[in-house]
There are 2 protein chains.
Amino acid sequence: MDAEAIRRSLEGSGLRCTPQRYAVMAFLMEQNRHSTAAEIFEAVNRVDPRSSRATTYNNLRDLVKAGLVRDVAVEGRAARFEAKGMRHHHFICDRCGKVEDIEWYDVPRPASGSIGKRVLRECELIFRGLCTKCAPARASRKVS
Amino acid sequence: MDAEAIRRSLEGSGLRCTPQRYAVMAFLMEQNRHSTAAEIFEAVNRVDPRSSRATTYNNLRDLVKAGLVRDVAVEGRAARFEAKGMRHHHFICDRCGKVEDIEWYDVPRPASGSIGKRVLRECELIFRGLCTKCAPARASRKVS
DNA sequence: TATCATATTAGATATAATCTAAATTATTGA
DNA sequence: TCAATAATTTAGATTATATCTAATATGATA
């Protein structure tokens, strides 16, 4: 992962490249996953410098506001965050809550009557079901 | 709204038709909206008998589990609940968090390679942008 | 370097949701 | 009917998630 690229994307969005903010962004870009704030907080604190919980939340909020990170809400669970990269849809596991990417493909727009006077910014597909890990364990009740 | 129909749908799902549970279900069916647990709690308590917060949450969870109600997660806000009726997609307002229905239309499935060994249960479109109320107020920062 | 805006921090607070254990209500079956 | 059992409700405590506060530190710039 190119540290300069991360610095440039932060500064290009008007955000200072502080060690704590860099650590959050680098973690999200390296892990190509969807992590909760708690996971990110723990991860960035495995390396120096230490970052407080408030700073982790502040930085996540700033990164979302700057459009570099996306906040994915999951029913009954903590929000998950991902670096915005290639466009994609989402798969959410009913059983363990894991969020995974599904290759992007265009979706037909709704009839303009359905949209009315709303201002449409984006559209995303959410697929639900059981992830690869949970599918075989279907019968079981507990989440591993 | 037909009280007997509500009773039948509860009992058909193996749930007793208690006054508190009925009140939650009736509220969700009458209001064709997407309400937070707090709103539902307040609404069912405007009529007798009074229901506790825990009961409201318990009943919402049971209704979701029974497939009569849907839990819609919204980034940065409390979950919203809706009675499952006609199939539809969702529009979520970036500014005020309001969830609205968008007329259903079929969505092309992803390439089977993108799904892999996952078990697909359902697929929904999420549209984002500004709702009719918020669109004209775009420049303003505060939520009414 | 002095100034000033931005960022970080620990800990308090707020909000959303669940848990606990006791009491209540409904259902079943003798 | 009535005892036994199961489901439901309850107030209040607790947990989980997220934000706020006010003091301090840091970085940018003139």
Side-chain angles (χ1 to χ4, degrees), chain A residues 6-8 10-26 34-45 47-66 68-81 96-97 99 141-143, chain B residues 7 10-25 34-45 47-66 68-81 97 99 141-143:
Chain A
I6 296 178
R7 165 182 296 272
R8 274 195 307 275
L10 290 176
E11 292 179 346
S13 298
L15 297 172
R16 278 192 199 159
C17 182
T18 65
Q20 294 87 344
R21 188 174 285 150
Y22 175 91
V24 168
M25 195 63 205
H34 306 75
S35 309
T36 63
E39 286 166 354
I40 295 164
F41 171 66
E42 206 219 349
V44 301
N45 276 321
V47 297
D48 275 322
R50 307 196 79 68
S51 178
S52 78
R53 198 156 42 95
T55 297
T56 303
Y57 276 102
N58 286 345
N59 281 328
L60 284 168
R61 188 199 50 214
D62 293 345
L63 291 167
V64 167
K65 216 186 295 178
L68 298 172
V69 166
R70 177 188 299 269
D71 175 340
V72 182
V74 182
E75 312 87 90
R77 309 194 184 247
R80 286 165 183 261
F81 297 87
C96 73
V99 176
R141 289 274 144 254
K142 277 241 141 60
V143 171
Chain B
R7 165 181 296 274
L10 290 176
E11 291 178 346
S13 300
L15 297 172
R16 278 189 199 159
C17 183
T18 65
Q20 295 87 344
R21 188 173 286 149
Y22 175 91
V24 168
M25 194 64 206
H34 305 75
S35 309
T36 63
E39 286 166 354
I40 296 164
F41 171 66
E42 206 219 349
V44 301
N45 276 321
V47 298
D48 275 323
R50 307 194 80 67
S51 178
S52 76
R53 197 156 42 95
T55 297
T56 304
Y57 275 102
N58 286 345
N59 282 329
L60 283 169
R61 187 198 50 214
D62 294 345
L63 292 167
V64 168
K65 216 186 297 180
L68 298 172
V69 166
R70 179 188 298 269
D71 175 342
V72 182
V74 183
E75 311 87 87
R77 307 194 184 246
R80 286 165 182 262
F81 298 87
V99 176
R141 289 275 143 254
K142 277 239 138 66
V143 171

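Here the structure is a predicted model, which is why all the values come from computation and not from measurement.
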Protein-nucleotide distance (L63(B), atom CG; dT8(D), atom P), rounded to Å: 11 Å
Separation of atom OH in Y22(A) from atom P in dG27(D), rounded to whole Å: 16 Å
Spacing of E75(B) atom CD relative to dT17(D) atom P, expressed in whole Å: 17 Å
Report all interatomic pairs (protein N or O, nucleotide N or O of nucleotides 9-11 of chain D) with separations under 3.5 Å.
from	atom 1	to	atom 2	distance (Å)
dT9(D)	OP1	T18(B)	OG1	2.4
dT9(D)	OP1	Q20(B)	OE1	3.1
dT9(D)	OP2	N59(B)	OD1	3.2
dT9(D)	OP2	N59(B)	ND2	3.4
dT9(D)	O3'	Q20(B)	NE2	3.0
dT10(D)	OP1	Q20(B)	NE2	3.4
dT10(D)	OP1	R50(B)	O	2.7
dT10(D)	OP2	S52(B)	N	2.8
dT10(D)	OP2	T55(B)	OG1	3.0

Spacing of R77(B) atom CZ relative to dT19(D) atom C1', expressed in whole Å: 14 Å
Interatomic distance, L15(B) CG vs dT8(D) C1' [rounded to whole Å]: 11 Å
Nearest-nucleotide pick for A37(B), side chain only, options being dT17(D), dC20(D), dA17(C): dA17(C)
Integer-rounded Å distance: dT18(C) P and L60(B) CG: 9 Å
N59(A) and M25(A): CA distance, side-chain angles, deciding distance, side chain to side chain contact (heavy atoms under 4.5 Å, CB included) verdict: CA-CA 9 Å; N59(A) 281 328; M25(A) 195 63 205; over 6 Å; no
Between P of dA16(D) and CZ of F41(A), the distance in whole Å: 15 Å
Terminal axis angle for the helix from dT1(C)-dA30(D) to dA30(C)-dT1(D), five pairs an end, nearest 10 degrees: 30°
Closest to side chain of R16(B), choosing from dG27(D), dA6(D), dA17(C): dA6(D)
Sugar-phosphate, base or nothing in reach of A79(A), heavy atoms under 4.0 Å: sugar-phosphate
Over all atoms of both residues, closest heavy-atom pair of T36(B) and A78(B): CG2-CB, 4.1 Å
Earlier contact from the 5' end, DNA chain C, for A38(B) and E11(B): A38(B)
d(CD, E39(B); P, dA16(C)) in whole Å: 10 Å
With R80(A) via salt bridge (Lys or Arg N to Asp or Glu O under 4.0 Å) - residues at least two apart: none
Any side-chain heavy-atom pair of R61(A) and D71(A) under 4.5 Å: no
Residue-phosphate contact under 4.0 Å: Y57(A) side-chain N/O, dT19(D) OP1/OP2: no
Working for side chain to side chain contact (heavy atoms under 4.5 Å, CB included), residues N58(B) and R21(B): CA-CA 9 Å; N58(B) 286 345; R21(B) 188 173 286 149; over 6 Å; no
Non-hydrogen side-chain atoms of L63(B) and L10(B) separated by less than 4.5 Å: yes
Closest heavy-atom pair and its distance - R77(B), G97(B): NE-CA, 3.5 Å
Non-hydrogen atoms of V44(B) and T56(B) that approach each other most closely: CG2-OG1, 4.4 Å
Note, Y57(A) side chain near R53(A) side chain (heavy atom, < 4.5 Å): yes
